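Chain identifiers are assigned alphabetically (A, B, ...) following the order of the sequence lines, protein sequences preceding nucleic acid strands; residue numbering begins at 1 within each chain. Quick caveat: nothing in here was measured; it's all calculated off a predicted structure.
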Amino acid sequence: MSTMSITIAAGGASQQRVTDTATTGLDLFGDDRTIVAVRVNGELRDLNRTLPEGATVEPVTIDSPDGLDILRHSTAHVAAQAVQSLHEEAKLGIGPPIKDGFYYDFDVAAPFTPDDLREIEKAMTKIIKERQRFQRRAVSDEEAHAELAAEPYKLELIADKSSAAADEEASAEVGAGELTIYDNVRRDSSIAWKDLCRGPHLPHTGYIPAFALTRNSAAYWRGDQNNNQLQRLYGTAWPSREELKAYETRLAEAAKRDHRKLGAELDLYSFPDEIGSGLAVFHPKGGLLRKIMEDYSRQRHIEAGYDFVNTPHISKAELFNISGHLGFYSDLMYPPMHVDEERHADGSLKRQGQDYYLKPMNCPMHCLIFRSRGRSYRELPLRLFEFGSVYRYELSGVVHGLTRVRGMTQDDAHIYCTVDQMQDELISLLQFVLDLLTDYGLTDFYLELSTRDAEKSIGSDEDWERATDALRQAAAVSGLDLVLDPGGAAFYAPKISVQARDAIGRTWQMSTIQVDLMLPDRFDLEITAPDGSRQRPVMIHRALFGSVERFIGVLVEHYAGAFPPWLAPVQVIGIPVAAEHNAYLLSVADRLRAAGVRVEVDTSDDRMQKKIRNAERAKVPYILIAGGEDAAANAVSFRYRDRRQNNGVPIEAAIDEITSDIAARRQV
RNA sequence: GCCGCCUUAGCUCAGCCGGCAGAGCGACGCACUCGUAAUGCGUAGGUCUGGGGUUCGAUUCCCCAAGGCGGCUCCA
């Protein structure tokens, strides 16, 4: 028997081994169920493949990112086998691992029902119990064709791979090198199922410790609306039952933070059917929250040198023809209102009407303000700010709570400056944005730079490069991580967006900063330069909140409705032990109110326990309780949101504590 | 926009195979006056989302629309 030498690299140490030439990863690590694959000379491989001479072999554990992907990808195969065993006609799409799980697409006669999902889960459990081996097998294109003749979507992927123009999706599924098929082999050596796949996979299905099917939905083949719609089955898989349970708990926690649910519970806003989809109304508490946020934003914008403007909600079509929106985006605008048309008695036109549109953006109007008189270089940078209400006819299927609406208020500004000023302006702007978001309690950011899509963009290469460089430079100064989004820019401008992670680690796109390479030309904007010549200004679009509505939605989820005192609509609620203490608490409330605190006293005839429960459910930062003992001592008793108590606090000290938390924008 | 599911009182939800609509919470009233997560009793709330159809009869079955939910696509 011939031998070979390999290096095992595990846990930072490496170790030479002489083994026989038929050695597999399973031979090395097969007694450890947490090792699901090996990395051989940097490449992920199945445990049951023989190792090459001289290889450096690293074990891949099931809880590593690669290990989890392998687990989930293998679980997707199990799901597909289960589906085809129950639904013979099902044709396979693709089935990759995704964040926290996997999906698999199928062309089936009828969409899956909840009952189907339960049955598929049952069948999957059976397959897992059978401990079917995942057996890799290289095949020629012809062989793959023959074996998968009944799988039209797989054939399409094979064809794509054969043609040089393999797209990213196809190569992810079938691999860049040779084609491989994975057989699922039962212990009696019969083949249960097979799939065209690049792998790698678990050694056998028994390596799947915990899984669940989570939901199903429709998805277009290859994400293209013009293709067939397939049924997508979503699932999740974890290294242990406990981790699956923890994942389910996380989902439940996230659901508790849902801003649509909390918005109703906290009486902040609602979405009346009578008004229309995606159009929110803000109730008194939500309106107050909005005002607090807007007031603070306004104050900061004043300090940062912005000028405040106001513009109407509607405009004649002419404006959006100049800006180009009607040409490019009329699908996303509400249809026009046709007004002023008059006709003679015979129906012939007497007076031609006008089309008015709800504005989808504020920038065209801001450009008109810029253009309303001659502008000097001395005025630059000119920063025009507005809480501008815009309306976009979003597709009915995408409208979602406050985060995707049809009517919203942008904290929108347009900065006009010279090319030379652009760099400094972007740097200070990004800092301004980050500072302000931090004040609202978002502190964990990264940046995304969306660059030009050469296919769909206007403007010169030089302009794009200069603008993109300026954005990249501003990002570098911020010191934050920068993720590239190649080709993700709008056709007229590169963009930096600030992504914020919330309290439970989800990321939200918050602010955007765009350098516009189109509107200054379209509106023929000019400044008079020091030498008397006319120059085109640079225009920067930016929104910090994105929209006030969306930002409120994000903050509700971030804080789970428990706002820091400075943002809380009701900061303090007074609860008397009995009605006879109402007057005392009302007088304490008066003093708090005089100190600028938003305070209410619950004088209803509920019992105090009930009032405490109500106040807790309203997530009021401070509950102040007072009875005979407190009144006698000129004191109040605190109950905080975490149920901590602090009894007998003198009124002065209570006011100090509350007002200082508010002033510091501290969370409590 | 596409696919699937859903819509019963202000909210959360029961309601079997088609036969006169139910609970809890909330609201309102009365009693209770109480020291840290629901006091008791009572009252009022419904064209069962809207429209059409089938049927002796529709909250229930069918069709259409609106709104919602989960995805897909989209997000200037």
Interatomic distance where OH belongs to A:Y234 and P belongs to B:rC3 [whole Å] = 17 Å
Residue pairs involving residues 602-619 of chain A (criterion salt bridge (charged side-chain N to carboxylate O under 4.0 Å, His left out); sequence neighbours excluded) | A:E616-A:R639
note: A:R613, atom CZ; B:rA38, atom P; distance rounded to Å ~ 7 Å
Could you state the atom-to-atom distance from CZ of A:F102 to C1' of B:rG71 in whole Å?
-> 15 Å
Does OP1 or OP2 of B:rC69 have a side-chain N or O of A:R260 closer than 4.0 Å?
-> yes
Hunt down any stem RNA chain B takes part in, defined as 3 or more consecutive Watson-Crick or G-U pairs whose two distances are each under 3.5 Å.
-> B:1-7 with B:66-72, B:10-13 with B:22-25, B:27-31 with B:39-43, B:49-53 with B:61-65
Measure distances between side-chain N and O atoms of A:D630 and base N and O atoms of B:rG35, and say whether any donor-acceptor pair falls under 3.5 Å.
-> yes
Quantified in whole Å, what is the P atom distance between nucleotide B:rU60 and nucleotide B:rU39?
-> 39 Å
Across the strands shown, which category fits A:Q231 at heavy-atom distances under 4.0 angstrom: base, sugar-phosphate, nothing?
-> sugar-phosphate
Rounding to a whole Å, what distance do you find between A:Q225:CD and B:rU73:C1'?
-> 4 Å
In residues 387-404 of chain A, which residues come under 4.0 Å of RNA chain B by heavy atom?
-> A:R392, A:L395, A:S396, A:G397, A:V398, A:H400, A:R404
Are any protein N/O atoms closer than 3.5 Å to N/O atoms in nucleotides 10-12 of chain B? If there are, list each pair with its distance.
none

Which parts of nucleotides 23-32 of chain B does protein reach within less than 4.0 Å, heavy atoms only, written one letter per nucleotide 5' to 3' as B for base, S for sugar-phosphate only and - for none?
-> ---S-----B
Rounded to the Å, how far apart are A:I275 CD1 and B:rG68 P?
-> 12 Å
Please confirm whether any donor atom in the side chain of A:S277 sits under 3.5 Å from an acceptor in the base of B:rG68, or the reverse.
-> no
When rounded to whole Å, the CG to C1' distance for the pair A:L213 and B:rG71 reads 15 Å
Is there any protein nitrogen or oxygen under 3.5 Å from a nitrogen or oxygen in nucleotides 59-66 of chain B, and what are the pairs?
none

Between CD of A:Q229 and C1' of B:rG70 the distance, given in whole Å, is 13 Å
Under 4.0 angstrom between A:T113 side-chain N/O and B:rG4 OP1 or OP2 = no
Check whether NZ of the Lys or CZ of the Arg A:R232 lies under 6.0 Å from the centre of the six-membered ring of A:Y103 and within 45 degrees of that ring's axis.
-> yes
Pull up the glycosidic torsion of B:rG45 and say syn or anti, syn being anything within 90° of 0.
-> syn
Atom pair distance, as rounded to whole Å: CG in A:L117 and P in B:rC5 | 13 Å
